[in-house]
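Below is one structure, written out as structure tokens, with a few remarks after it.
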2 protein chains.
Amino acid sequence: MNQEIIQTYQIESSIFKSMAHPIRLFIIHQLENKKYGVQELADMAEIDISTMSRHLDTLKRHRIIAGEKIKNNVFYTLNIPCVLEFMTCANKVINQQNKLGGII
Amino acid sequence: MNQEIIQTYQIESSIFKSMAHPIRLFIIHQLENKKYGVQELADMAEIDISTMSRHLDTLKRHRIIAGEKIKNNVFYTLNIPCVLEFMTCANKVINQQNKLGGII
DNA sequence: TGTCTATTTGGCCAAATTGACAAACACTAT
DNA sequence: ATAGTGTTTGTCAATTTGGCCAAATAGACA
């Protein structure tokens, strides 16, 4: 395995990876419009708050979102608006998939 | 776990996932400029050809790339040019990370 | 200080991903 | 038909990821 290539694309791939999960995409889409706290997001997604906390941490570590503590709550906001351009492209890919009959 | 959310973002997340690997990003960047065969790409990345074949298959199944067989060789091309916009955004994220001191 | 609320972290298990080797396969060309 | 070339697939071990519960932590406020 060529270590130079790995290194070159490691960070880029870790950013993709950080977004490559249904719950984390859900989070990104929610924060498009408004700030949310951890418990609120956990309730909406119907997952354990500890699991939600970990997903938020993943996105935060990659600077996709940012958290701001107000009193006892941490409110998260979308940090990288251009992430939404990703989605536009992703949807083009999805539409093309549908036209061609889906994957697998 | 809210199945509706999962369903909504499953496909989108599988597209991110398909690109979230250093070797597969390497492939995408190479195909930006020119067609390549499986063996060529395997040589460049210094990985087993079977491993490269599987990475190419992953990208192909998600319509990121397309393969065309000519004689005994399969040449791959980038199928979704807007993928490159992804990269532009990803790099903004990376640069912001660097400014702030990198991640973990 | 002590308590209450909200969030994060540790531990553990199940499931998914990655990589290599070898075997199978598809096709070309003798 | 047979050999040769290039690609894909079967299998398996090692690693990573995702989920929940329980315990730990951080901060607000009486």
Side-chain angles (χ1 to χ4, degrees), chain A residues 1-3 5-7 9-11 13-28 31 35-62 64-77 103-104, chain B residues 1-3 5-7 9-27 31 35-62 64-77 103-104:
Chain A
M1 188 106 61
N2 187 324
Q3 279 312 122
I5 291 174
I6 302 299
Q7 272 203 330
Y9 295 105
Q10 195 74 65
I11 295 174
S13 100
S14 74
I15 290 172
F16 278 84
K17 216 173 288 189
S18 75
M19 295 194 275
H21 189 286
I23 295 286
R24 295 198 289 271
L25 288 173
F26 166 74
I27 293 169
I28 290 171
L31 299 185
K35 299 181 179 196
Y36 281 103
V38 184
Q39 185 68 64
E40 278 179 297
L41 288 165
D43 288 347
M44 288 192 276
E46 293 173 26
I47 58 174
D48 196 276
I49 188 175
S50 70
T51 303
M52 178 54 78
S53 179
R54 286 218 154 92
H55 282 304
L56 290 165
D57 183 57
T58 299
L59 290 170
K60 193 174 60 182
R61 283 201 331 272
H62 292 87
I64 311 291
I65 64 175
E68 176 197 10
K69 188 156 193 175
I70 299 176
K71 298 239 179 176
N72 267 340
N73 297 265
V74 180
F75 290 97
Y76 284 93
T77 49
I103 60 172
I104 309 250
Chain B
M1 185 107 59
N2 187 324
Q3 280 311 122
I5 292 175
I6 302 300
Q7 272 202 331
Y9 295 106
Q10 194 73 66
I11 296 174
E12 200 166 310
S13 102
S14 75
I15 290 172
F16 278 83
K17 216 174 285 190
S18 75
M19 296 195 276
H21 189 286
I23 295 286
R24 295 199 289 271
L25 288 172
F26 166 73
I27 293 169
L31 299 184
K35 300 180 178 193
Y36 282 103
V38 184
Q39 185 67 65
E40 280 179 296
L41 289 165
D43 289 345
M44 288 192 277
E46 293 173 26
I47 58 175
D48 195 276
I49 187 174
S50 72
T51 303
M52 179 54 76
S53 179
R54 286 220 153 89
H55 283 304
L56 290 165
D57 183 59
T58 298
L59 290 170
K60 193 174 60 184
R61 283 200 333 272
H62 292 87
I64 311 290
I65 64 175
E68 176 197 9
K69 188 156 192 175
I70 298 176
K71 300 242 178 169
N72 266 341
N73 297 266
V74 180
F75 291 96
Y76 285 93
T77 49
I103 57 171
I104 305 292

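Values in this document were obtained by computation on a predicted structure and should not be read as measured data.
Contact annotation: A/N73 does not reach the phosphate of C/dT5 (side-chain N/O to OP1 or OP2, under 4.0 Å).
Of all nucleotides listed (D/dT8, C/dT7, C/dC21), D/dT8 comes nearest to the side chain of B/V38.
Closest approach of B/K17 to B/R24, counting heavy atoms only: O-NH2, 3.2 Å.
With values rounded to the nearest 0.5 angstrom, B/I47 atom CD1 is found 12.0 Å from B/R54 atom CZ. In this structure, CD in B/Q39 is found 9.5 Å from CG in B/L41, a value given to the nearest 0.5 Å. Considering CG of B/L31 and CG of B/L59, their distance stands at 8.5 Å, rounded to 0.5 Å. Between the CD atom in A/E46 and the CD1 atom in B/I6 there is a gap of 10.0 Å [rounded to 0.5 Å]. Going from atom CD of A/Q10 over to atom CD1 of A/I15 covers 11.5 Å, rounded to the nearest 0.5 Å.
Side-chain contact between A/R61 and A/S18 is absent, with no heavy-atom pair separated by less than 4.5 Å. Residues A/M44 and A/F26 are in side-chain contact: their nearest non-hydrogen atoms beyond the backbone lie under 4.5 Å apart. The shortest side-chain heavy-atom distance between A/Y76 and A/I27 does not fall under the 4.5 Å cut-off.
The CD1 atom of A/I70 sits 18 Å away from the C1' atom of D/dC29 (whole-angstrom rounding). Distance CZ (B/R61) to C1' (D/dT9): 13 Å, rounded to an integer number of Å. Counting to the nearest Å, the P atom of C/dT7 and the CG atom of A/L56 are 10 Å from each other. A/Q3 has its CD atom 11 Å from the P atom of C/dG19, to the nearest Å. Rounded to an integer number of Å, the gap from B/I49 CD1 to C/dA22 C1' is 14 Å. Straight-line distance from the CD1 atom of B/I47 to the P atom of C/dT17: 18 Å, rounded to whole Å. We find that CG of B/L41 is positioned 11 Å from P of D/dT8, with the value rounded to whole Å. As a whole-Å value, the separation of B/E68 CD from D/dG6 P is 17 Å.
A distance-only check finds no donor-acceptor pair linking the side chain of B/E12 to the backbone of B/Y9 [under 3.5 Å]. Put simply, the side chain of A/H21 gets close to the backbone of A/I23: a donor and an acceptor are under 3.5 Å apart. Side chain of A/S53 to backbone of A/S50: no donor-acceptor contact under 3.5 angstrom is found.
Among the protein residues, A/F75 comes within range of no part of the nucleic acid, since none of its heavy atoms lies under 4.0 Å from any strand.
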Enumerate all atom pairs, one protein N or O and one N or O from nucleotides 26-29 of chain C, separated by less than 3.5 Å.
unit_1, atom_1, unit_2, atom_2, d
C/dC27, O2, B/N72, OD1, 3.4
C/dA29, OP1, B/K71, NZ, 3.1

For nucleotides 13-18 of chain D, print each protein N/O atom paired with a nucleotide N/O atom at under 3.5 Å, atom names and distance only.
unit_1, atom_1, unit_2, atom_2, d
D/dG18, OP1, A/R24, NH2, 3.4

Might you list the N or O atoms of the protein lying below 3.5 Å from N or O atoms in nucleotides 22-25 of chain D, with each pair's distance?
none

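Of the residues near DNA chain C, A/R54 and A/I6, the one whose nearest nucleotide (by heavy atom distance) lies more toward the 5' end is A/R54.
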